[in-house]
Amino acid sequence: MSLIKRYIYDVTRRLPEKQRQDVARELQSEIETMVDDEAKGKVPTEKHIATVLRRVGDPALLASQYYEQKRYLISPRYYDAYISLLKTLLTVTLPIIAFFVLTLQLSAGHKPLGEAAISAAGAVFEVGIHIIFWTTLSLVVIDRLLTAKDTAVRDWIPQQLPDVPQAYQISKREAFIGIAWSIFGMALLITQIPAIHEVVQGYTPLFFASEVRPWWLAGFVVIMACNAGVELLKLYLGGWTKVMVMAITVVNTLSALFFAALLTLVQPIANPDFTSRIQEATKGTGVAEVTESGIRIIGLVIISVLIGEIIGAWMKYNKGRKGNI
Amino acid sequence: MAADRALFTNQILELRRGAIVLAILSQLKRPHYGYGLLQSLESSGVPVDAGTLYPLLRRLESQGVLESVWETSESRPRKYYRLSDDGVKLYGELLNEWQTMTRAIEVMTKEDRL
C-alpha cells in the first residue's frame with residue numbers, strides 16, 4: 001500500500017472524526033507537492049517519498065500538534081489541591097475503617113484475629129479505591145466545568161497566602177493520624193480485658209496468654225494512653241519545643257523498655273489456646289512458634305520505631321532552633 | 001555539556017516560536033498553500049518545520065485569523081490560506097508590538113551587538 005496513504009492514516013487515526021477528512025486531504029496534497037519538488041522533475045521514487053515523510057515527521061507528534069483538546073486529566077491549577085485532598089482523605093479515613101472492621105469482625109463476627117485482619121485489609125483496600133476514584137472523578141469534572149468558564153488569570157489576594165510553616169512545626173494532620181492510631185490500638189487492647197472480652201466475644205480464646213494478663217496488658221494500655229497523650233501534646237503545642245522533645249524521649253524510652261522487658265521476660269505471649277485454635281482451623285503446624293516469632297519481630301520493629309522517633313524529634317528540634325536565630 | 005546544548009536549543013526555539021506567527025501572517029496577505037508558504041518562509045530566512053507549519057495554519061484558521069479555500073482548478077487540489085479581516089487586524093497589532101519590542105531590545109543590547 002502506498003507509503004503516503006499509510007502515513008496519512010497513521011496521523012489521522014489519532015484525530016477526532018471531525019478533523020480527519022480535511023486533514024487527510026490537506027496532507028495528501030501537501031505531501032505530494034513536496035515529493036514532486038524533491039524529485040526535481042523526475043519520476044518520484046520511494047526514496048523521495050521516504051525523505052519527504054521524514055521531513056514532515058513522526059505521525060504521532062504531528063497528530064498531537066493537530067489535536068486541540070486538553071492533554072491532561074487534571075490541569076496544573078487544580079493538581080496540588082487534588083493531591084493534598086487525596087492524601088488527607090486516605091490517611092484520615094483508612095485507619096478508622098481498619099479499626100471498625102477489625103473490632104466488628106472480632107466482636108460481632110467472632111472471627112479469629114487472622115481472619116479479622118484479612119477482612120480489615122480488604123475493607124481498607126476497597127474503601128481506598130473508592131476514595132481515589134471518586135476524588136479523581138470529582139476533580140476532573142470540576143476542572144472541566146470551571147476552566148471552560150474563566151480564561152482570565154486567577155485573581156489572588158495576598159490574604160489568601162498560606163502561613164509559612166516553620167521548621168519546628170508539627171502538622172495538625174500528623175497529630176490527628178497519631179491520635180487515630182493510638183485510639184485504635186487502645187481499643188484493640190481493651191477488647192482483650194477478660195471482662196469485656198466475655199461480653200464481646202464470649203467463647204473465642206483471648207489472643208494474649210495468661211502470663212501476659214493482667215499486668216503486662218495493663219502496662220500496654222498505659223503505654224498506649226501515654227502515646228495518645230503525646231499526640232495530644234503535639235496538637236496542643238504545635239511545634240517541636242523542648243517540652244515536646246522531652247515528652248517524646250521519656251514516653252518512648254519507657255515504652256521501648258517496656259516492650260524489651262515484655263519480649264525477653266514473658267514466654268509465651270500468645271495464648272496457647274488461641275494458637276491451637278488457629279492450628280485446628282488452618283490445619284497448620286508450628287503455628288505457636290510462628291506466632292511467637294512473629295510477635296517478637298513486631299516487638300523489635302516497634303522498639304526501633306520508638307527509638308527512631310526519639311532521634312527524629314531531637315533532629316527536628318535542633319533544625320528548628322537553628323532556623324529561628 | 002549535553003544539558004547545556006539542550007538548554008540552548010530550547011531557548012532558541014522559544015525565541016523563534018514567538019516570531020513564527022508574525023512571519024506567517026506577513027506572508028498571507030496573498031493566498032498561499034502549505035508547501036508554498038514553507039518555501040517562501042525558508043527563502044526569507046525564517047525556516048519552519050512542515051510538521052509545525054501545517055497544524056499551525058489549521059489552528060490559526062480555527063481561531064478566525066486565517067481563511068481557507070480549496071482550489072480544485074489546478075492539476076492537484078490545494079488548500080489555500082490567507083488572512084481574514086480579523087487576521088489583518090491581528091497582523092497589524094503583532095507588528096506594532098514587534099517593532100516596540102525590537103526597538104527596546106536594540107537599545108538594551110547596543111554595546112553587545114555585532
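What you see below is based on every heavy atom in this structure, not just the backbone, and it leaves out hydrogens, waters and symmetry mates. Computed from a prediction, not measured in an experiment: that's the story for all the values here.
Other residues, nucleotides and ligands contribute at most 12 non-hydrogen atoms within 6.0 Å of the CD atom of A:Glu17. Applying the 6.0 Å contact sphere to CZ of B:Arg30 captures no more than 12 heavy atoms from other residues, nucleotides or ligands. Counting heavy-atom neighbours within 6.0 Å of B:Asp85 CG, excluding the residue itself, gives a total of 12 or less. Environment of CD in B:Glu71: crowded, with over 12 heavy atoms of neighbouring residues, nucleotides or ligands closer than 6.0 Å. Within 6.0 Å of the CZ atom in A:Arg54, the count of heavy atoms belonging to other residues, nucleotides or ligands does not exceed 12.
The contact between A:Glu32 and chain B is made by backbone and side chain atoms together, counting heavy-atom distances below 4.5 Å. Within the 4.5 angstrom heavy-atom criterion, no atom of B:Leu56 approaches chain A. In this structure, chain B has no heavy atom under 4.5 Å from any part of A:Val52. Using a 4.5 Å cut-off between heavy atoms, A:Asp58 makes no contact with chain B at all. For a residue to count as touching a neighbouring chain, one of its non-hydrogen atoms must lie under 4.5 Å from one of that chain's; by this rule B:Ser68 does not touch chain A.
Taking OG of A:Ser29 as the reference point, atom CH2 of B:Trp70 lies at 5.0 Å (rounded to 0.5 Å). The line from CG of A:Leu27 to OH of B:Tyr54 is 8.0 Å long, rounded to the nearest 0.5 Å. With values rounded to the nearest 0.5 angstrom, B:Gln39 atom CD is found 9.0 Å from A:Thr33 atom OG1.
Between A:Glu30 and B:Arg78, no side-chain nitrogen of the basic residue sits less than 4.0 Å from a carboxylate oxygen of the acidic one, so the salt-bridge criterion is not met. Of the charged side-chain nitrogens involved, at least one lies within less than 4.0 Å of a carboxylate oxygen, so that B:Arg76 and A:Asp36 count as a salt-bridged pair.
Side-chain N or O atoms of B:Arg59 include one that pairs as donor or acceptor with a backbone N or O of A:Gln65 at under 3.5 Å.
At a heavy-atom separation below 4.5 angstrom, chain A is approached by no residue within residues 86-93 of chain B.
Note on A:Gln28, A:Arg25, A:Arg55: by heavy-atom pairs under 4.5 Å with chain B, the leading option is A:Arg25. Chosen from A:Leu61, A:Ile31, A:Leu62, the residue pairing most often with chain B at heavy-atom distances under 4.5 Å is A:Leu62.
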